[in-house]
Undergrad: 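My structure is below; once you've seen it, I'll send some questions.
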There are 2 protein chains.
Amino acid sequence: MASRKPAADGVPAATVRPRLTVMRDVAKLAGVSHQTVSRVLNNHPNVRAETRERVLDAMRSLNYRRNLAARTLVTRQSDTLGIIGFETTLFGPASMLYGIESAARDAGYMVSIASVRDLDRRQVLEAVDRLTQHSVDGVIAIAPKQSVTHALAQAPPSLQCVAVGGSGESDAAPTVSIDNAAGARLATQHLLDLGHATVHHAAGPADWPESAERIEGWRRTLYAAGAVVPRVEHGWWDAESGYAQGRAMADDPNVTAIFCSNDRIALGVLRALHEAGKRVPQDVSVVGFDDMPDSGFFVPPLTTVHQDFGELGRRSLALLLEHMTTAPATDPPPPHRVLLTPELVIRTSSGPR
Amino acid sequence: MASRKPAADGVPAATVRPRLTVMRDVAKLAGVSHQTVSRVLNNHPNVRAETRERVLDAMRSLNYRRNLAARTLVTRQSDTLGIIGFETTLFGPASMLYGIESAARDAGYMVSIASVRDLDRRQVLEAVDRLTQHSVDGVIAIAPKQSVTHALAQAPPSLQCVAVGGSGESDAAPTVSIDNAAGARLATQHLLDLGHATVHHAAGPADWPESAERIEGWRRTLYAAGAVVPRVEHGWWDAESGYAQGRAMADDPNVTAIFCSNDRIALGVLRALHEAGKRVPQDVSVVGFDDMPDSGFFVPPLTTVHQDFGELGRRSLALLLEHMTTAPATDPPPPHRVLLTPELVIRTSSGPR
DNA sequence: GGCGCGCCTGTTAACGTTCACAGAGCAAAG
DNA sequence: CTTTGCTCTGTGAACGTTAACAGGCGCGCC
């Protein structure tokens, strides 16, 4: 797909522009100056009540809509926020996106989205650039990798950026995320408490901080309990990967408990166990992560770590807004990092050894 | 480098906006007029190659970014498309969204999103209004209900709108969707061909055209085969609803085949059957709809009707662009309705009676 | 040589809004 | 009565870009 304009060579001229009503029209009808109309629109206090009414009437009767492009041109702010999205077809990112958008609307902002296929520096900067050209007032990056926050640090300093999801480790940009290590600890400890000698782990992709932090939390918990730490295979976030990892584990008689890095992986593990003739939870216990809407309807219903993606989105928006409205010198700086705590939801896929 | 602003002593330095480089700066450095810079930017042919190079160099060395707000103000087009989203946390809508966005980027467009919580006329019109104020060049509505296309018809006539998903029945706006009835026929016929006397149906919500069309396709197929048409319960699109419907069916010995309106419903049905001690597919066959990424890892792997949500998104964007660039009088009108054909994916949840 | 006709470039005027300032009217204070 | 100050309103000038037009230059043609 190429350029949509047929080269400005000849004049298109086919498009006749219908003149929309502008402030001047409203002003004329109301018998005031355009500036007074502007004042009414922006809720400026110094307008006589009677005048304001007259202007509002005129706006209504002309069905006036203000031209935000003109406003943006002079005020340099667009009431639009940019989102850098990655893998937004996954449930988590999609939910965050929705959380951000609906909170943004309540705050009077529009949301523009720039997806990237890979999270390398070049693509992220390119996305920032596109958003900048459209003069967004701030950026939220759904950013599960370190490279993103680093790239974000290279954005023009006047542009406020916040990262959501992934790791909270980076200093490069304010970050909102859940405490993945704590979630992993919850899951692992739960299984240990049920009497399992150790807990195996079906991990997500190696280069996602979510995955790394969950491994770390799992490993620390085992270590603290003096349990053996089994080795880990990496995969993608889907059931296929869980199935592959699960098949390997199903044949190992030492495996009695498996903590999965997300619910989809758990789904694959459940199927692998089922095929191998292992009963869950009698023979092997399984715990997931995310608590996706349908996880309670797996066979058997999945014990998992619940996280609220929508809340993650809303909080990241709130943080961005704080950073945008805070004057650097005067106010105390808003928090640099927000960490949400996940909860364990116990269903029937986990049981005593 | 004195700033142009007087900067009276009382003015807090915090409010001073850093002057960005504009066309005039580039022009000065390149030794040309700002208009020539504009011409270079817009690929106007009548610029000497040497001059163009000089301008491009100047742009690079000043790190110039054009101000799209100013451009939008004068050209009345923003290179931005609006999306009206509904339930975008669901896999289908999220995938369409992604498909639209990535196709839009390739076509040089930015994408703004306006979600609605409910699909009533007021909220949809409000969303259109917000998008209009931000001067989007066109709108795609992820619109699974009739009310949306009707509301769309009330949008300003200068604004091109396209609906994607849902029913293709409406005349109100150009529509891209899949052939739900054909998909349902595929699934139902497959089960009949396996020797089942009839096929039961676990339906989605009553007021979604997707659901209604699938019911219709299923019903017609049964009718054509002279099979009994069982009655239908409605639910939501999730596993919980499938579980509820599945429990009722599990106790009925006449039920040997179930066609589910989507894969999540099928997941719930599978669990209900499992709990009731029914084996799939030996006792009961189950077929889903959507072919979500993990459906091949259900227990057992799900036979389902595959639809390509990303393609749906891309096609809707293509259709919108066609409608936007077509001059009403001269060119032949682009298609009003695009219907994509789904495919049956046979796995192991369906078997002979 | 004059003329017309392409190329290439510059000058000026929009686009629709907000900002900065000025000024009219009126009330309270000196 | 003047002065001061506050409320309300209007005038002009930005903001940064593209559109419209004008003009200089070189070239080919008569």
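In what follows, every heavy atom counts, from backbone to side chain, and hydrogens, waters and symmetry copies are set aside. Naming convention: chains lettered A, B, ... in sequence-line order (proteins, then strands); numbering from 1 in each chain.
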Undergrad: Using OP1 and OP2 only, check whether a side-chain N or O of A:Tyr64 sits under 4.0 Å from C:dT17.
TA: yes
Undergrad: Considering just the side-chain nitrogens and oxygens of A:Asn42, establish if one lies under 4.0 Å of OP1 or OP2 belonging to C:dT18.
TA: yes
Undergrad: Is the shortest side-chain N/O distance from A:Asn46 to OP1 or OP2 of D:dT9 below 4.0 Å?
TA: no
Undergrad: Pairing donors with acceptors under 3.5 angstrom, does anything connect the side chains of B:Arg65 and B:Asn63?
TA: yes
Undergrad: Give a yes/no answer on whether the side chain of B:Arg66 brings an N or O atom under 4.0 Å of OP1 or OP2 in D:dT18.
TA: yes
Undergrad: Choose from C:dT17, D:dT18, C:dT9 the nucleotide whose nearest atom is closest to any side-chain atom of A:Val22.
TA: C:dT17
Undergrad: In terms of the nearest nucleotide of DNA chain D, which residue is placed more toward the 5' end: A:Arg39 or B:Leu68?
TA: A:Arg39
Undergrad: For A:Arg52, enumerate each residue passing the salt bridge (charged side-chain N to carboxylate O under 4.0 Å, His left out) test, keeping only those at least two apart in sequence or located in another chain.
TA: none
Undergrad: Could you walk me through whether B:Glu311 and B:Arg315 pass salt bridge (Lys or Arg N to Asp or Glu O under 4.0 Å), step by step?
TA: CA-CA 6 Å; B:Glu311 179 68 7; B:Arg315 292 292 282 271; 3.5 Å; yes
Undergrad: Expressed as a whole number of angstroms, how long is the span from A:Met23:CE to D:dT11:P?
TA: 16 Å
Undergrad: When the distance from CG of B:Asn67 to C1' of C:dT17 is rounded to whole Å, what number comes out?
TA: 13 Å
Undergrad: Determine the minimum heavy-atom distance between B:Thr149 and B:Ala163, stating which atoms define it.
TA: CG2-CB, 3.7 Å
Undergrad: Looking at A:Thr36, I'd like to know whether one of its side-chain N or O atoms comes within less than 4.0 Å of OP1 or OP2 on D:dG10.
TA: yes
Undergrad: Using the side-chain heavy atoms of B:Ser33, tell me which of these nucleotides is nearest: C:dG16, C:dT11, C:dT17.
TA: C:dT11
Undergrad: Testing the basics here: between B:Met23 and B:His34, what is the closest heavy-atom pair and its distance to 0.1 Å?
TA: SD-O, 3.8 Å
Undergrad: Below 4.0 angstrom, which residues in residues 49-63 of chain B have at least one non-hydrogen atom near DNA chain D?
TA: none
Undergrad: Would you kindly give the CZ-to-C1' distance between A:Arg76 and C:dC19, to the nearest whole Å?
TA: 13 Å
Undergrad: What nucleotide, of C:dT17, D:dT18, C:dG10, holds the atom closest to the side chain of B:Val32?
TA: C:dG10
Undergrad: On DNA chain C, does the nearest nucleotide to B:Arg48 precede the nearest nucleotide to B:Ala70 from the 5' side, or the other way round? Give the residue.
TA: B:Arg48
Undergrad: For D:dT17, take OP1 and OP2 only and decide whether either is under 4.0 Å from a side-chain N or O of B:Ser38.
TA: no
